[in-house]
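These notes are about the structure you will find just below.
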Protein chains: 2
Amino acid sequence: MNDKVTIKTIAKMANVSHTTVSRALNNSPLVKEKTKKEIRELAERLNYSPNLNAKALVEHRSFIIAVYFTDLNSGTSPSFMSEMLHQIKEMLPAGYEIAVDSFAGLRRANQSINLRFDGALVVSQSSSDDVYIDQLAKTGKPVVVLNREIERDDLFNYASDDYSGTVTAIEYLLRMGHKKIGIISGKEEFASSQNRLNAFVDVLNKHNINLNDNWMVTGDYSVKSGYNAMEKILNAGELPTCIFASNDDMAMGAIRACQDYGFNVPDQISFVGFDGSAYSNYFIPRLTTIKKPMREITNKGLKTLNNLINNKNITPIEFMNIKPSLVVRESVKKIN
Amino acid sequence: MNDKVTIKTIAKMANVSHTTVSRALNNSPLVKEKTKKEIRELAERLNYSPNLNAKALVEHRSFIIAVYFTDLNSGTSPSFMSEMLHQIKEMLPAGYEIAVDSFAGLRRANQSINLRFDGALVVSQSSSDDVYIDQLAKTGKPVVVLNREIERDDLFNYASDDYSGTVTAIEYLLRMGHKKIGIISGKEEFASSQNRLNAFVDVLNKHNINLNDNWMVTGDYSVKSGYNAMEKILNAGELPTCIFASNDDMAMGAIRACQDYGFNVPDQISFVGFDGSAYSNYFIPRLTTIKKPMREITNKGLKTLNNLINNKNITPIEFMNIKPSLVVRESVKKIN
DNA sequence: ATGAAAGCGCTAACAT
DNA sequence: ATGTTAGCGCTTTCAT
């Protein structure tokens, strides 16, 4: 255990002041090349690694990027989360850590946000996040909100256009001849659920198609909730010819329920999901779905955050609603 | 923006020294209750929040728990990862951050481990992690390795017993009358793949059942790789009556392939998976699988790490291989 | 091109 | 019960 090699250790060995060591290690032009080289070699040999706490204290930055999710164990699909973290980590400059946390966790523990971060990336699902987003914004540090449209114009914000994605889905169903259309909604407090539900209602209204209350049920975005929701529909009398599920996980659960109750998908009941999850293409039947533009959203967000942190920010605050796309596979049957 | 409220700000306002403020805020018994109360109220009112960098510098700890995965975008199943992070976050004392990182990321960027952490939790899949685990161990700080059995006895280590789990699976298949058994292995460099493959071979040998090379293929734990692997088996001539897939994701991909090639599962080909993933119970057919004891592993690991960090450690270093359990569902058919 | 000294915000001896 | 002082490891004036 090489006990605490600091710049002073190196300074002594190199017969220079610790100031010079600091400058050399930070590649300051003020230090002679020869000296720099010596010091660097020494640092390498001693396995020196700077004390980030000290550096952070004096530089007023922490080398930490906070990544907040609405909740870590529900609502946010695991594959979304892991892809997100991977992408963030890859795009971040070396030396930065990502601190993962959730607003739901803070709420449960009655805590406030941690103030030690240089920039925050919020993957928001619910307007209940707003109080925390506000706390983050008040720090004056760079904050970028992803995934959900927020009602403030002082923060960069990139989201997927859930409304238009749902319109695309429902219009596709109509084109395929469906008129009896049901919906399995997601968590009621999630903006995405609300937007998708609103779009669903609007499109059917626009086409003068009656809404059947029995065919409109609510889940919580989990596979199991999709299963339960579908059971309700299956037990309610007349059946719809197709279901729009607010996400792929619930669609899969619901299709499972159809199978258990002896209904063939898509012959008797068709399904459209939402997300474009990794499993959707391998499910039986392969799921027709609306693919969320995750990569684009994350990419945009991280570029912006990096710029903000490095003060390379010239662009004004921007909001972008990125359009998802329809992926046609096997779970929707064309009917006359 | 309340610019930098420090203990000195509070000290001045309360007409005490900053030391007293520090003590009061840390609930030292040396401070009079009345003074404490005043100071606390003042802190609250001023929205004071301690500078963790300063605190970390002087206390020689950082309030950061490092969580390392082998890779963030492959090998580690997303649902495993998100459940893990959730559990970790819930069990951690308030004020701690979790810094998520991956060894694969470090390798790609040619970086070393970050030294700013009070304890590290390693979710290891591969022996290629060992070089980094060694770096972590050398810091002398608490390190707990999860998920994979490591070949050193100076670190706490909790893993799932992949070998025995696979034995259970294969013996179940034999009991169900199967003799023509194939395997789809996971990433070759992953210990879990090797252990599962070894157990597979050993059990069949023990029962004097021939190994058929055509029925032994390798994937990479992804759904897609399961699909591709199964295609190979399907195209290779005589078919096995069942397949042991090294994880659920590959099983699902493989079943998808069977479906596409017109084979019924489980009537023509049976399947056993491994993991007990969230989707396995909703797949069609519901997947019979070996459930990894994730929760137990994570729980054990975190308790130990917490104890280690708080020096409550009396137990000697321990290694535990926790046994997984068979979950019988619908993907295995009994044959005469 | 290099060094001396100050200070970031906090805790901890060591007074009193 | 409270204050004074020093110091954690680093960067940054200000000298030289």
Side-chain angles (χ1 to χ4, degrees), chain A residues 1-40 42-43 46-64 95-96 114-118 139 141, chain B residues 1-40 42-43 46-64 95-96 114-118 139 141:
Chain A
M1 213 153 311
N2 28 14
D3 270 288
K4 275 179 235 167
V5 181
T6 74
I7 49 173
K8 287 191 182 167
T9 322
I10 299 176
K12 271 196 194 113
M13 297 183 66
N15 277 318
V16 293
S17 73
H18 70 278
T19 312
T20 302
V21 176
S22 170
R23 285 200 267 250
L25 260 20
N26 288 308
N27 199 20
S28 154
L30 294 177
V31 181
K32 213 167 34 180
E33 269 312 324
K34 183 160 164 286
T35 323
K36 269 190 199 173
K37 187 152 170 284
E38 274 176 33
I39 292 177
R40 281 198 195 121
L42 211 43
L46 297 176
N47 212 346
Y48 167 80
S49 146
N51 181 323
L52 281 186
N53 292 321
K55 199 165 173 142
L57 176 58
V58 59
E59 290 191 13
H60 297 286
R61 58 190 185 133
S62 57
F63 305 97
I64 292 174
Y96 271 88
N114 190 319
L115 262 34
R116 185 174 44 160
F117 65 89
D118 295 341
T139 65
K141 294 178 196 163
Chain B
M1 214 152 311
N2 28 15
D3 268 291
K4 275 179 231 164
V5 181
T6 75
I7 49 173
K8 287 191 183 167
T9 322
I10 299 177
K12 270 194 196 120
M13 296 184 65
N15 277 316
V16 294
S17 74
H18 70 280
T19 311
T20 302
V21 176
S22 170
R23 285 200 267 250
L25 262 18
N26 288 307
N27 200 21
S28 154
L30 295 177
V31 181
K32 213 168 31 180
E33 270 311 324
K34 183 162 165 286
T35 324
K36 268 190 199 172
K37 189 155 169 284
E38 274 176 31
I39 292 178
R40 281 198 195 121
L42 212 44
L46 298 177
N47 214 343
Y48 167 78
S49 149
N51 181 322
L52 282 185
N53 292 320
K55 200 166 173 141
L57 176 58
V58 59
E59 290 191 14
H60 298 287
R61 57 188 185 136
S62 56
F63 305 96
I64 292 174
Y96 271 88
N114 190 319
L115 262 32
R116 184 173 47 160
F117 65 90
D118 296 341
T139 64
K141 294 179 197 164

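Just so you know, these numbers use all the heavy atoms, side chains as well, and skip hydrogens, waters and symmetry mates. Proteins come first, then strands; the chains are lettered A, B, ... in the order of their sequence lines, and each starts at number 1.
A:Thr139 has its side chain within reach of A:Leu115: a pair of non-hydrogen atoms, C-beta onward, lies under 4.5 Å apart. Under the 4.5 Å side-chain criterion, counting only non-hydrogen atoms from C-beta, B:Asp118 is not in contact with B:Lys141. Side-chain contact between B:Phe63 and A:Asn114 is absent, with no heavy atoms from C-beta onward closer than 4.5 Å. Residues A:Arg116 and B:Ile64 are in side-chain contact: their nearest non-hydrogen atoms beyond the backbone lie under 4.5 Å apart. Proximity of B:Ser62 to A:Asn53: side-chain heavy atoms (C-beta onward) are separated by under 4.5 Å at one or more points. The side-chain heavy atoms of B:Asn26 and B:Lys55, taken from C-beta on, include a pair separated by under 4.5 Å.
For B:Tyr48 and C:dC10, the shortest distance from a side-chain N or O to OP1 or OP2 is below 4.0 Å. Contact annotation: A:Thr35 side-chain N/O to C:dT2 OP1/OP2 distance is under 4.0 Å. In this model, the phosphate group of D:dG3 is approached by a side-chain N or O of B:Ser17 to a distance below 4.0 Å at OP1 or OP2.
Straight-line distance from the CZ atom of A:Arg116 to the P atom of C:dG9: 16 Å, rounded to whole Å. A straight line from NZ of A:Lys55 to C1' of D:dC10 spans 8 Å, rounded to a whole angstrom. B:Asn51 has its CG atom 13 Å from the C1' atom of D:dC10, to the nearest Å. Between A:Ile7 atom CD1 and D:dG7 atom P the separation is 17 Å, expressed in whole Å. The CZ-C1' distance, from B:Arg23 to D:dA1, rounds to 8 Å in whole Å. Taking atom CZ of B:Arg61 as the reference point, atom C1' of C:dA12 lies 14 Å away to the nearest angstrom. Computed from coordinates, the B:Leu115 CG to D:dC8 P distance equals 19 Å when rounded to whole Å. C:dC10 atom C1' lies 9 Å from atom NZ of B:Lys8, rounded to whole Å.
Residue A:Pro29 is the one, among A:Pro29 and A:His18, whose nearest nucleotide of DNA chain C lies closer to the 5' end (criterion: closest heavy atom). Looking at which nucleotide of DNA chain D each of B:Lys32 and A:Ala54 is closest to, the 5′-most match is held by B:Lys32.
Listed nucleotides D:dT2, C:dG9, C:dG3 differ in distance to A:Thr20; the shortest reach to its side chain belongs to C:dG3. For B:Leu57, taking side-chain heavy atoms from C-beta onward, the closest of the listed nucleotides C:dT2, D:dC10, D:dC8 is D:dC8.
Heavy atoms of A:Val31 sit under 4.0 angstrom from primed sugar atoms or phosphate atoms, though from no base atom. Using a 4.0 Å heavy-atom criterion, one finds that A:Asn53 contacts no nucleic acid atom at all. At a threshold of 4.0 angstrom between heavy atoms, the contacts of B:Val16 are confined to the sugar-phosphate backbone, with no base atom among them.
Comparing the start and finish of the helix from C:dA1-D:dT16 to C:dT16-D:dA1, five pairs each, the helix axis swings through 40°, to the nearest 10 degrees.
Between the base of C:dA4 and the side chain of A:Thr19 there is a donor-acceptor pair shorter than 3.5 Å.
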Trace of the side chain to side chain contact (heavy atoms under 4.5 Å, CB included) decision for A:Lys4 with B:His60: CA-CA 11 Å; A:Lys4 275 179 235 167; B:His60 298 287; 4.1 Å; yes
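Using a cutoff of 4.0 Å between basic side-chain nitrogens and carboxylate oxygens, B:Glu33 and B:Lys37 are not scored as salt-bridged.
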